[in-house]
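Comments concern the structure below.
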Protein chains: 2
Amino acid sequence: MTEKATPSPEAIKAWARLMRVSRQLVESTEDALKKGGLPPLAWYDVLHELAEAGEGGLRPFQLIERTLFAQYNISRLLARLEADGLVEKLPVADDGRGQTIRISTKGRETRRRMWAVYGRSIEELVGAKLSTDELNTVSALLGRLRHPPADD
Amino acid sequence: MTEKATPSPEAIKAWARLMRVSRQLVESTEDALKKGGLPPLAWYDVLHELAEAGEGGLRPFQLIERTLFAQYNISRLLARLEADGLVEKLPVADDGRGQTIRISTKGRETRRRMWAVYGRSIEELVGAKLSTDELNTVSALLGRLRHPPADD
DNA sequence: CGATTATTGATGCAGTTGCATCTATGTAGA
DNA sequence: TCTACATAGATGCAACTGCATCAATAATCG
């Protein structure tokens, strides 16, 4: 019956911190990548998924499931990655509509160089700021905000 | 001497959770606003700052300090807000370069209607998921990731 | 089979962002 | 004062995003 019109001050504060911090971290990292003449974070996300998938590659719709990119976004991002020679698009034997995306050697190399910067950013901006226990606490609590919630 | 090449698994996980959760929350909220025929979150941020500033208004550069928007972003956002009649641009007496931005009545009304949706989003996505203690823990830990760090 | 519906991925268009630069005004220093 | 430099804000252009829709293939069902 009672509609909660406004969240608690604690919820608002947590939300505000989350928004501000995540934007700052992204911005810092994007700056660092740019300074290193490297592609934006979005490219890393895709290259990372593809590197984990190995030689079998992934279908674009699988990338959509694994990342938070919209379909049109993946479509165009893959076009750019292909234009840069970082991925290959292969036809799929049993589905004429689809394609399999496989990371190339150059793609792995780019990913490696991005990680040198990205990883440093994570270490400096997060790893160095909180203890292991605190990091685990953050992960656990944020995991409950995820959809679907993660328990680990 | 020793360069830390890669952050700890705990730091990586916390980072990943932070990135994913913040994107999901933003996306959910933007969807809710759109569904209500309301402007995007960025407008809320600015309207909120201007509403808090009261009749005196704020200079654009003060908005840049308070939010995380780039200068050109604020410039154009304010142009859109003005075009929609949500803010007024007033000349500044002692600085011919500048202007003061003041929220209009319609701006306050729009902010109010946005908050009805935004606040509900915060409550559902965050407030309802964690206890007050947990929310405070999240805020405190994220505060330490902020730049500059916040202790409260 | 043949028609309908669903899925995969691409794309035209309008709106937004990022970058670099520009104009205008203010400040400081010789 | 006159010149150099700094600050406030706007803007042209290219790239990117979001939306809607499209074409092509696959799956379903009578």
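Protein chains get the first letters and strands the later ones, always in sequence-line order, with residue 1 at the start of each.
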Gap between atoms [atom1] and [atom2], on [X] and [N] respectively (whole Å):
| X | N | atom1 | atom2 | answer |
| --- | --- | --- | --- | --- |
| L81(B) | dT16(C) | CG | P | 11 Å |
| R97(A) | dT8(C) | CZ | P | 6 Å |
| D84(B) | dG15(C) | CG | C1' | 14 Å |
| L77(B) | dT17(C) | CG | P | 8 Å |
| R80(A) | dA10(C) | CZ | C1' | 13 Å |
| K34(A) | dG18(C) | NZ | C1' | 7 Å |
| F61(A) | dA6(C) | CZ | P | 18 Å |
| L33(A) | dC19(C) | CG | P | 12 Å |

**OP:** Give a yes/no on whether any side-chain N or O of K89(A) is located under 4.0 angstrom from OP1 or OP2 of dT8(C).
**Re:** no

Original post:
Do any side-chain nitrogens or oxygens of N73(B) fall under 4.0 Å of OP1 or OP2 in dG18(C)?
Top reply: yes

**OP:** Could you tell me whether E27(B) and K34(B) have a side-chain N and a carboxylate O separated by less than 4.0 Å?
**Re:** no

Original post:
Do K106(B) and E109(B) meet the salt-bridge criterion of a basic N to acidic O distance under 4.0 Å?
Top reply: no

**OP:** Indicate the ring-plane relationship of Y44(B) and H48(B), choosing parallel, tilted or perpendicular according to the 30° and 60° boundaries.
**Re:** parallel

Subject >> All salt bridge (Lys or Arg N to Asp or Glu O under 4.0 Å) counterparts of R20(A), not counting sequence neighbours >> reply: none

**OP:** Would you kindly compare D95(A) and Q71(A) by the position of their nearest DNA chain D nucleotide and give the one closer to the 5′ end?
**Re:** Q71(A)

Subject >> Earlier contact from the 5' end, DNA chain D, for Y72(A) and D94(A) >> reply: Y72(A)

Subject >> Residue met sooner reading DNA chain C from 5', once S75(A) and D31(A) are mapped to nucleotides >> reply: S75(A)

**OP:** With heavy atoms under 4.0 Å as the rule, sort Q99(A) into base, sugar-phosphate or nothing.
**Re:** sugar-phosphate

**OP:** Quick one: label R76(A) by what it contacts on the DNA or RNA (base, sugar-phosphate, nothing), any heavy atom closer than 4.0 Å.
**Re:** base

Original post:
Quick one: side-chain hydrogen bond (donor to acceptor under 3.5 Å, both in side chains) pairs with a partner in residues 62-81 of chain A, sequence neighbours left out?
Top reply: none

Original post:
Do any N or O atoms from the side chain of E30(B) and from the backbone of L41(B) form a donor-acceptor pair under 3.5 angstrom?
Top reply: yes

Subject >> Polar side-chain atom of S104(B) near backbone of L86(B) as donor-acceptor pair, under 3.5 Å >> reply: yes

Subject >> Where chain A begins and ends its contact with DNA chain D, read 5' to 3' at 4.0 Å from heavy atoms >> reply: dC16(D) to dA26(D)

